[in-house]
Amino acid sequence: MSALCRQCSTVFEDAKRCPVCRSPRVLTHPELFDLGIAHMDCDAFYASVEKRDRPELADKPVIIGGGRRGVVTTCCYIARIRGVRSAMPMFKALELCPDAVVIKGRMDLYVEISRKIRAMMEELTPAIEPLSLDEAFMDLTGTERLHGAPPAVMLNRLTRRMREEIGITGSIGLSHNKFLAKIASDMDKPQGFSVIGRAETQAFLGPRKVGIIFGIGTVGAETLRKAGIETIADIRRWDRTDLMRRFGSMGDRLWHLARGEDRRSVRANRPVKSISKETTFHENTSDPDILDGHLWRLSEQVSARAKARDLAGRVVTLKLKHADFAVVTRRRALPDPTQMADRIYREARALFDALGPPGPTRLIGVGISDLVAAQQGDRAGDLLDPDAARRAGAERAADAIRARFGDDAIRKGRALR
Ligand code: TTP
Ligand code: MG
């Protein structure tokens, strides 16, 4: 069977150790050199960057996020062993992990590193579709002649270069379509390389919970559960027309995905209509500080995604779902488009405040739409809000100072609470 040394990228026939470097980190799979659709996702991205620049943090649990009353943006794998997760209220994270080092984060630096990683990916293929700053699909089908090596080898070299030249690790998923590649990259984190071949697709998917389908969160899973669907195999028991009748176009998509079918191509400049992020809470919350913490975290995520795609939005949206499942959405058109977290947060926060006390809330979401190329956004002029340009400048300057002197150099009020 085809084998690849994760250490030195040597290709050989199945063996326990690499014949060249003797490493036991050997990847084998019957279809390893036949697959070309990949998904790469950096490991604990923001936290890894901070650890890279502060070696004394290497063995410590590191959390990126706002202050005591905020929520966790992300955390390193040491903190994850202790139970800390993204979107968890910070006080809870600190209960689980009192010795954690909490860092505010340095957005400009993450954007810069993301660009370096992108440049490395561009050496492999022009078909790159970034999903966020730290993850992208790549289609390496048909590149073997150009590179003199199959996609699996080139992808392994990519993560090695990322580690050696940038100091950041990532995990690879390799399969025959985007749906499966994305699932695979998450299977063996950190520093993983997982393969889902054609032959095993049906058996692999059958027992998995519907939650592994991208876009099915807590709410989607609950809706499906009410229809008696918990696993992918449950979906397969449904008629395609019944699924469509019950769930609309999503039903059709589910029918195909349940069979491992996904015909979406990896497109470098896929037009996107909107960028949004939302969170459903395990328990309803009406705590304004927690909700505000999520507003900030989600705004940062939307901003990161917009920056990864060089887009800016003319409209900011806020979405709230109350305990009784009533959904409220509010939108606000901006005089000029933005991709800045601070601006998105302020607009979303204003919409939030205008709604009055939220009451028990199940879900909160932030989005931007009416997207344009970023160069057009965040320019100096905003007649209705002369301060906007100054704040956008301040966000960039603060990021730049943090990038140089560390995150303690500047702390915004929000992070200090
Ligand atoms: P993820 O890829 O979801 O998470 P991660 O890279 O930190 O960890 P993993 O190893 O599981 O991939 O997100 C990438 C970055 O996006 C993350 O480092 C921080 C940022 N982010 C937010 O700003 N807010 C969030 O709620 C989440 C989940 C991530
Ligand atoms: Mg990641």
Side-chain angles (χ1 to χ4, degrees), residues 38-53 61-66 70-81 83-90 93 100 102-114 117-118 130-137 159 162-163 166 168-173 181-194 212 214-215 217-218 275-281 290-309 339-342 344-345 348 363-367 395 399 407 414-415:
H39 180 254
M40 192 290 295
D41 189 312
C42 297
D43 304 322
F45 185 48
Y46 297 0
S48 306
V49 173
E50 299 306 329
K51 287 200 174 199
R52 174 194 81 162
D53 291 352
V62 167
I63 296 177
I64 309 295
V71 292
V72 174
T73 297
T74 189
C75 62
C76 72
Y77 278 78
I78 298 175
R80 290 187 203 192
I81 292 168
V84 181
R85 292 289 179 273
S86 291
M88 185 179 269
M90 192 63 81
V102 180
I103 299 176
K104 172 71 171 63
R106 299 181 279 173
M107 199 51 171
D108 260 22
L109 180 58
Y110 310 147
V111 172
E112 189 187 314
I113 292 175
S114 171
I117 297 171
R118 185 85 51 82
L131 293 182
S132 182
L133 288 179
D134 87 320
E135 60 175 311
F137 287 112
T159 48
M162 283 166 51
R163 198 169 62 240
I166 306 179
I168 293 297
T169 67
S171 296
I172 300 282
K182 176 138 170 90
I183 291 175
S185 72
D186 205 37
M187 276 164 48
D188 175 33
K189 269 181 164 285
Q191 300 198 47
F193 194 133
S194 297
I212 61 161
F214 184 67
T218 332
I275 298 172
S276 63
K277 285 277 171 187
E278 59 184 46
T279 289
T280 306
F281 306 121
I290 294 286
L291 290 169
D292 181 71
H294 281 286
L295 270 185
W296 174 247
R297 179 183 66 90
L298 295 165
S299 302
E300 273 195 307
Q301 261 185 299
V302 168
S303 161
R305 200 152 173 192
K307 286 172 179 168
R309 291 184 175 242
Q339 61 168 193
M340 304 305 279
D342 179 73
I344 297 167
Y345 165 78
L363 172 152
I364 188 163
V366 175
E395 185 172 334
D399 283 344
D407 63 289
R414 225 173 359 254

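Ligands are counted one by one from 1 in listed order, and the atoms in each one are counted from 1 as well.
- The shortest contact between atom 25 (C) of ligand 1 and any protein heavy atom is with Q301 CD, 3.1 Å.
- Remark: Y110 OH to E300 CD distance equals 8.5 Å, nearest 0.5 Å.
- Note on ring orientation: taking the six-membered ring where Trp is involved, the planes of W296 and Y345 are perpendicular (angle over 60°, cut-offs 30° and 60°).
- When non-hydrogen atoms are compared, ligand 1 lies under 4.0 Å from the backbone of C42 (N, CA, C, O) but not from its side chain.
- Remark: ligand 1 and A47 share no N or O pair separated by less than 3.5 Å (distance only, no angle test).
- Rounding to 10 degrees, one finds that the Mg ion (ligand 2) sits at the corner of an angle of 90° between D134 OD2 and C42 O.
- Atom 4 (O) of ligand 1 has as its closest protein heavy atom T74 OG1, 4.2 Å.
- Judged by the shortest distance from any of its heavy atoms, A87 lies outside the 4.0 Å radius around the atoms of ligand 1.
- Residue K189 has at least one nitrogen or oxygen atom sitting less than 3.5 Å from a nitrogen or oxygen atom of ligand 1, judged on distance alone.
- For ligand 1, the polar-atom distance check against S86 finds no nitrogen or oxygen pair separated by under 3.5 Å.
- Closest to atom 10 (O) of ligand 1 among all protein heavy atoms lies Y77 OH, 2.5 Å.
- Residue contacts with ligand 1: A304 is excluded, as none of its non-hydrogen atoms falls under 4.0 Å.
- Here the straight-line distance linking atom CE of M162 with atom CG of D43 works out to 7.5 Å at 0.5 Å rounding.
- The closest heavy-atom contact to atom 11 (O) of ligand 1, among the options E135, E50, R80, K277, comes from R80.
- Among all non-hydrogen protein atoms, the one lying nearest atom 15 (C) of ligand 1 is Y46 CE1, 3.9 Å.
- Expressed to the nearest 0.5 Å, how far OG of S194 lies from CD1 of I183 amounts to 11.5 Å.
- Of the options T73, I168, T279, the smallest heavy-atom separation from atom 23 (O) of ligand 1 is shown by T73.
- Between F45 and ligand 1, at least one pair of N/O atoms sits closer than 3.5 Å.
- The nearest protein atom to atom 13 (O) of ligand 1, hydrogens excluded, is given as D134 OD1, 4.0 Å; this is a heavy-atom distance.
- Separating the CE atom in M107 from the OG1 atom in T73 is a distance of 9.5 Å, to the nearest 0.5 Å.
- At a threshold of 2.8 Å, the Mg ion (ligand 2) has a backbone or side-chain N, O or S atom of D41 nearer than that distance.
- Heavy-atom separations between R297 and ligand 1 include at least one value shorter than 4.0 Å.
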